[in-house]
2 protein chains.
Amino acid sequence: MKQTAFCRAELVAVLLNVRKDTPCVLTLEKGQILPSGPLTMGGRSLQRELRGWVEQQTGMVLGHTEQLYTFADTQVADKSRLVRISYMAMISSNIDQTPAERSLYDYFPWEDRRNPEAHLLLQHIVGLLKEWVGMSADKQQRCARLFGLDPYAWNDELALDRYELLWEAGLVQEARVFQGHISLGLPMQADYRRVLATALSRVRAKIRYTSVVFDLLPETFTLLQLQQAMEALAGCWMHKQNFRRLVLQQKLVEETGAFDTPQQGRPAKLFRFRPQMGQNCYLAGAKLPLTPLS
Amino acid sequence: MKQTAFCRAELVAVLLNVRKDTPCVLTLEKGQILPSGPLTMGGRSLQRELRGWVEQQTGMVLGHTEQLYTFADTQVADKSRLVRISYMAMISSNIDQTPAERSLYDYFPWEDRRNPEAHLLLQHIVGLLKEWVGMSADKQQRCARLFGLDPYAWNDELALDRYELLWEAGLVQEARVFQGHISLGLPMQADYRRVLATALSRVRAKIRYTSVVFDLLPETFTLLQLQQAMEALAGCWMHKQNFRRLVLQQKLVEETGAFDTPQQGRPAKLFRFRPQMGQNCYLAGAKLPLTPLS
DNA sequence: GGTACATATACTCAAAATGAGCATATGTAC
DNA sequence: GTACATATGCTCATTTTGAGTATATGTACC
């Protein structure tokens, strides 16, 4: 009844982890590409095959792994199709630092609202976008919503949409018509940076109501570490005491009895995640427990 | 550097709409398969190609469309791979009813908690699962969490996980080792029912914090219609007055000035969605505004 | 016109969750 | 002991929920 054309398929992985207060991604080729490999004939599941490629290319063992999105490219050479199935995977941060790790914010500097310089950059971007918007009310409103202008508040989960807007506006180097003067963030080859943006959006959404953050932390951790991981990913500061309350009240974690050995200050209790919670957490509602002002 | 093997790719669509209080899916072949078509050589985007197939096979025009998941099957015949890229799309319910529409709950009867019979079915399922669980504490806990047993509350978003558990337990006909006596829900060919379960989970998650429900409703609608659409999808009753408050306070909708012409009762105001909200809605928090008891 | 009915809409009030902050505890370095 | 730095405990006003009761406004029928 239906004929199925042949195409090529590639598996791509965004390997995330968190180093103190920086969300990192494992890259290859000077930060320009992500680990990936072709889909072979073997009968293994997609995830298993992906793990194989990743281990071979990076030596990493993946934690929680999740499919992100499937993109299709038309190859110029022979007009065949390339299907790119992308995944995001968590790497526990007790792995030694690898040289190929980069901050996610090297690629999306405007997404880190903890950084005062990012505010300036953001103003600059909004200025550039104004030109692109022109008289279009639609575009204007889209910009406002995505970049948290007047009636709207900044929404950290819209990272992908922001990247795509900048692409459309020709402000990132990968864009078909790059119009920028300075480069906004590190570029990558092919679609990889879009895959990365997808991962950022997804992980920001998921840390709120699932237990993925814990896959990024070592087995035991302090509440500050937990908070810093959330802050790193969300790109904003959170209110310490309220964050603790949220976590403790829900009994998401349990004390190990052990303590931290800090450089300065009072040692913090070490906790461990209670896996009985399943994936169901509630580390923040629609809105994160932000610190005031900032 | 890397060799890419060839495979076949198929696009599959779950077309959703809501008829009064029933969430429906458009099927083919007596409810056994979903609209689908091969990925061809042409340079169009995946979504456009999908739309093409769907229009050809069903005549439907799709609203909001969203990629769900990419599955891979190994074909027995030639050991080649088949990659199945699945999508879910909303169809506005002012389309005339098509004969090929089925209730989602024909496939997942245990998911409709508005139906008193579903409670009995659920008890029955839990009984069957007890055997499968045996002595395994892990399985026991997983069942409890997914089916809302003792310490846990029922979570409507876990529809996919529940289906996969039933598959593992051999209680659905598609399972490798079907052990059931009665059939739990209508079976489908290949992976299609799993795709459907993915769509159900996804749409249940998305109606809470995006505006997808509005893509399922006609241009103008009453608040009751809106609520019924939510209830149909979530499979549970919601508290009317509180639901209204939630919607109105956020200014998600605006009055059209027109009124409903009901069979009985006071006519209701007709509303329209305010697209200025973008995708950002908040039609329910982590928990839906449920009616008490029920 | 007046009932019965059925739905829409308004308003209340206690309980729970949140936002913002102050106060205190407990460690290290000097 | 003092200075510092972080952890942890606790308060309190404000908002947001959950669960109702009460009232409004239409139709069908006597």
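This one's a predicted model, so the numbers in the text were calculated from it and none came from an experiment.
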Please give, in whole Å, the distance from dT17(D) P to L248(B) CG?
14 Å

Quickly work out the R208(A) CZ to dA17(C) P distance and round it to whole Å.
19 Å

Nucleotide dA8(C), atom C1' - distance to CG of L270(B) in whole Å
13 Å

For Y152(B) and Q141(B), test the side chains for any donor-to-acceptor distance below 3.5 angstrom and give the result as yes or no.
yes

In whole angstroms, how far is the C1' atom of dT7(C) from the CZ atom of F259(B)?
13 Å

How many Å lie between CZ on R244(A) and C1' on dA20(C), as a whole number?
16 Å

Atom pair SG/CG of C236(A) and N115(A) - distance to nearest 0.5 Å
13.0 Å

Have a look at L224(B) and say if it touches a base, only the backbone sugar-phosphate, or nothing, with a 4.0 Å heavy-atom cut-off.
sugar-phosphate

Please give, in whole Å, the distance from dG21(C) C1' to F243(A) CZ?
19 Å

For DNA chain C, the dot-bracket notation using Watson-Crick and G-U wobble pairs below 3.5 Å, [ ] for pseudoknot-type crossings and | for other-strand pairs, is ||||||||||||||||||||||||||||||

Could you walk me through whether R208(A) and D156(A) pass the side-chain contact (heavy atoms from CB on, under 4.5 Å) check?
CA-CA 11 Å; R208(A) 287 151 198 248; D156(A) 55 274; 2.5 Å; yes

Counting C-beta onward and ignoring hydrogens, is there a side-chain heavy-atom pair between T98(B) and M60(B) closer than 4.5 Å?
yes

Side-chain donor-acceptor pairs of residues 241-249 of chain A under 3.5 Å, sequence neighbours excluded:
| unit_1 | atom_1 | unit_2 | atom_2 | d |
| --- | --- | --- | --- | --- |
| N242(A) | OD1 | R245(A) | NH2 | 3.4 |
| N242(A) | ND2 | H239(A) | ND1 | 3.4 |

W154(B) ring centre to R204(B) NZ or CZ under 6.0 Å, with the angle to the axis within 45°?
no

Run the ring-centre check on Y107(B) versus Y163(B) and record whether the distance is less than 6.0 Å.
no

Per-nucleotide protein contact along nucleotides 25-30 of chain C, 5' to 3', at a 4.0 Å heavy-atom cut-off (B base, S sugar-phosphate only, - neither), is BBBS--

Heavy-atom side-chain proximity of V18(A) to Q228(A) below 4.5 angstrom:
no

Could you state the NZ-C1' distance from K269(A) to dT6(D), rounded to the nearest angstrom?
14 Å

How close or far is atom C1' of dA6(C) from atom CG of D260(B), stated in whole angstroms?
13 Å

Could you list the residues that satisfy side-chain hydrogen bond (donor to acceptor under 3.5 Å, both in side chains) with S211(B), not counting sequence neighbours?
Q279(B)

Each nucleotide in nucleotides 10-15 of chain D should get exactly one letter: B, S or -. Can you fill that in based on protein heavy atoms under 4.0 Å?
-B----

Step by step, would you call L196(A) with F108(A) a side-chain contact (heavy atoms from CB on, under 4.5 Å)?
CA-CA 9 Å; L196(A) 208 55; F108(A) 311 106; 3.9 Å; yes

Let me check something: any side-chain donor-acceptor pairs from residues 258-272 of chain B under 3.5 Å, sequence neighbours excluded? List them with distances.
| unit_1 | atom_1 | unit_2 | atom_2 | d |
| --- | --- | --- | --- | --- |
| K269(B) | NZ | E255(B) | OE2 | 3.2 |
| R272(B) | NH1 | E254(B) | OE2 | 3.2 |

From the options dA7(D), dG21(C), dT17(D), select the nucleotide whose nearest atom is closest to the side chain of H239(A).
dG21(C)

